[in-house]
Amino acid sequence: MKNLFLGMLLVFVTLSTQAQEKKNKNAKYTINVNGNCEQCQRRIQKAAFSVSGVKVANWSIETHKLEVTINEEKASVADIKKAVAKVGHDAGEVRAADETYENLHSCCKYERE
C-alpha cells in the first residue's frame, strides 16, 4: 500500500511539472509602430529598451515595424506597446494619448487611424 501511494505521488508530481508553461528567454516579435523619421526611430527604440527584459529593438522607417527580442520571464509584448505609446507612437492596438502625440515634432506626426 505504501509503495502504491508513493508511486501515485511520483506520477502526480511528474505530470504537474510537465504541465507548467515555460517562458522563452529569446522570443522574437514584430510590432507595427507608426512613425516617420530617424528621430522617431531613436524615440521608439529607446522606449522599447526601457522595458526590462528587452534584448533587441530595431524599428524600420520603411516598414514601420519594430522587431524585438525579449525575455518573456521579464517582459511582454503588451509592456513594449505601452512604453512606445507613452512616448507618442501608436503601437498596434495601443494608441498614444492625443496630448503626447500632439507634442511630437512636426516631422514625427504621422497619419492616425
Side-chain angles (χ1 to χ4, degrees):
M1 185 68 171
K2 186 177 183 181
N3 287 339
L4 180 63
F5 177 74
L6 288 175
M8 294 297 285
L9 183 62
L10 180 63
V11 169
F12 176 75
V13 169
T14 302
L15 291 175
S16 66
T17 303
Q18 291 177 355
Q20 293 178 359
E21 182 180 337
K22 294 185 178 179
K23 301 280 185 167
N24 191 347
K25 292 192 178 186
N26 287 310
K28 295 181 181 184
Y29 295 96
T30 301
I31 304 166
N32 289 322
V33 179
N34 291 325
N36 294 323
C37 61
E38 290 179 11
Q39 189 175 10
C40 296
Q41 184 179 46
R42 285 189 297 275
R43 187 182 308 107
I44 292 166
Q45 291 175 177
K46 184 177 178 180
F49 278 120
S50 73
V51 177
S52 177
V54 173
K55 296 179 178 182
V56 175
N58 186 25
W59 184 75
S60 169
I61 296 170
E62 293 81 26
T63 64
H64 293 200
K65 298 200 182 296
L66 174 63
E67 295 180 1
V68 293
T69 302
I70 63 172
N71 178 344
E72 289 182 320
E73 292 177 350
K74 297 180 180 180
S76 70
V77 173
D79 296 334
I80 297 167
K81 288 179 178 181
K82 288 176 190 172
V84 170
K86 194 173 185 179
V87 297
H89 295 274
D90 296 342
E93 68 282 351
V94 180
R95 188 173 164 97
D98 291 336
E99 183 180 339
T100 308
Y101 171 77
E102 290 302 324
N103 287 331
L104 292 176
H105 189 271
S106 61
C107 74
C108 297
K109 292 185 180 174
Y110 47 88
E111 195 169 316
R112 296 184 94 181
E113 297 175 10

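Basis for what follows: all heavy atoms, side chains included, without hydrogens, waters or symmetry-related copies. All of these numbers come straight from a predicted model, not from anything done at the bench.
With hydrogens and angles ignored, the 3.5 Å screen pairs a side-chain donor or acceptor of Lys109 with a backbone N or O of Glu102.
Interatomic distance, Glu72 CD to Lys74 NZ, rounded to the nearest 0.5 Å: 13.5 Å. In this structure, the separation between SG on Cys37 and CZ on Arg43 is 7.0 Å, given to the nearest 0.5 Å.
Listed by chain and number, the hydrophobic cluster partners of Val51 are Tyr29, Ile31, Val33, Ile44, Phe49, Val54, Trp59, Ile61, Leu66, Val68, Ile70, Val77, Ile80, Val84, where partners are ILVMFWY side chains within reach of under 4.5 Å, directly or through others. Within the hydrophobic cluster formed by Ile, Leu, Val, Met, Phe, Trp and Tyr side chains joined at under 4.5 Å, directly or through other members, Tyr101 is accompanied by Leu104, Tyr110.
The list of side chain to side chain donor-acceptor pair (under 3.5 Å) pairs with a residue in residues 33-42, not counting sequence neighbours, is empty.
For Ser76, the side chain to side chain donor-acceptor pair (under 3.5 Å) test picks out Asp79, with sequence neighbours left out. For Ser50, the side-chain contact (heavy atoms from CB on, under 4.5 Å) partners at least two apart in sequence or on another chain are Ala83. Residues that satisfy the salt bridge (charged side-chain N to carboxylate O under 4.0 Å, His left out) test with Lys65, not counting sequence neighbours, are absent from this structure. Checked against salt bridge (charged side-chain N to carboxylate O under 4.0 Å, His left out), Glu111 has no partners two or more places apart in sequence or in another chain. Remark: Glu93 pairs with Lys81 by the side chain to side chain donor-acceptor pair (under 3.5 Å) rule, at least two apart or across chains. Applying the side chain to side chain donor-acceptor pair (under 3.5 Å) rule to Thr69 yields no partners; only residues at least two apart in sequence or on another chain are considered. In this structure, Lys82 has no side-chain contact (heavy atoms from CB on, under 4.5 Å) partners at least two apart in sequence or on a different chain. Residues satisfying the side-chain contact (heavy atoms from CB on, under 4.5 Å) test with Lys46, not counting sequence neighbours, are none. For Lys25, the salt bridge (charged side-chain N to carboxylate O under 4.0 Å, His left out) test picks out Glu73, with sequence neighbours left out.
No side-chain heavy atom of Glu67 sits under 4.5 Å from any side-chain heavy atom of Val56. At least one side-chain heavy atom of Asn71 sits under 4.5 Å from a side-chain heavy atom of Lys55.
Closest non-hydrogen pair, Asp90 versus Ala96, comes out as OD1-N, 2.8 Å.
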